[in-house]
Amino acid sequence: MEIDDILKELDTIFREILKNDTITLGRETTAKDVDGWDSLTNMRLITAIEKHYDIRFGLREILKFKNVGDLCASIQAKKK
């Protein structure tokens with residue numbers, strides 16, 4: 001699974017959870033870059049991503065994510 005493919009799927013998940021059809025994520029995107037992406041929304045996003053990809057993230061792993069690129073790399077590693 002390629003990072004660009006993961007980004008496209010994450011765009012859809014973020015748009016649905018945040019109710020914003022204009023969101024376009026990049027590898028360097030952080031919560032500060034997206035209106036409405038706060039700690040509560042983050043947990044909703046993580047839950048939706050885990051369900052979509054049928055994977056699980058550990059708490060320590062989530063806390064280490066610095067940007068969307070880190071999230072994509074983790075998804076990619078779990079789906080190999």
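Below, each value reflects all heavy atoms present in this structure, side chains not excepted, and no hydrogens, waters or symmetry copies.
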Donor-acceptor pair, T29 side chain versus G26 backbone, under 3.5 Å?
yes
Spacing of K79 atom NZ and I6 atom CD1 [to the nearest 0.5 Å]:
10.0 Å
Quick one: pull up CG in D5 and CG in L10 and give me the separation to the nearest 0.5 Å.
11.0 Å
Pairs in or reaching into residues 28-57: which pass salt bridge (Lys or Arg N to Asp or Glu O under 4.0 Å), with residues at least two apart or in two chains?
E50-R56
Please report the interatomic distance CD(Q76) to CD(E2), rounded to the nearest 0.5 Å.
6.5 Å
Residues two or more places apart in sequence or in another chain: which of them pass side-chain hydrogen bond (donor to acceptor under 3.5 Å, both in side chains) with K78?
E61
Inter-residue atom distance T41.OG1 - F14.CZ, 0.5 Å rounding:
10.0 Å
Could you give all pairs that pass the ring-ring contact (aromatic ring centres under 6.0 Å, His included) test and reach residues 58-80, with sequence neighbours left out?
F57-F65
Heavy atoms of L18 and G36 approach each other most closely as CD2-O, 3.5 Å
Between A73 and I3 the two heavy atoms that sit nearest each other are N-CD1, 4.0 Å
R27 and N67, any side-chain heavy atoms less than 4.5 Å apart
no
Do I23 and M43 belong together in a cluster built from hydrophobic side chains that touch within less than 4.5 Å?
no
Hydrophobic clusters here meaning ILVMFWY residues chained together by side-chain heavy-atom distances under 4.5 Å, can you tell me if L7 and I55 are in one?
yes
Show me the pairs that pass salt bridge (Lys or Arg N to Asp or Glu O under 4.0 Å) and involve residues 63-73, at least two apart or across chains.
none
Taking atom CZ of R60 and atom CG of L63, what is their separation to the nearest 0.5 Å?
9.5 Å
Cluster overlap W37 with I62, hydrophobic side-chain contacts below 4.5 Å
yes
What one should report as the nearest heavy-atom pair of I13 and A48 is CG2-CB, 3.8 Å
Under 3.5 Å, is there a donor-acceptor pair between the side chain of D11 and the main chain of L25?
yes
Go through the structure and list residues passing ring-ring contact (aromatic ring centres under 6.0 Å, His included) with Y53, not counting sequence neighbours.
none
Apply side-chain hydrogen bond (donor to acceptor under 3.5 Å, both in side chains) to T22 and list each qualifying residue two or more places apart in sequence or on a separate chain.
N20
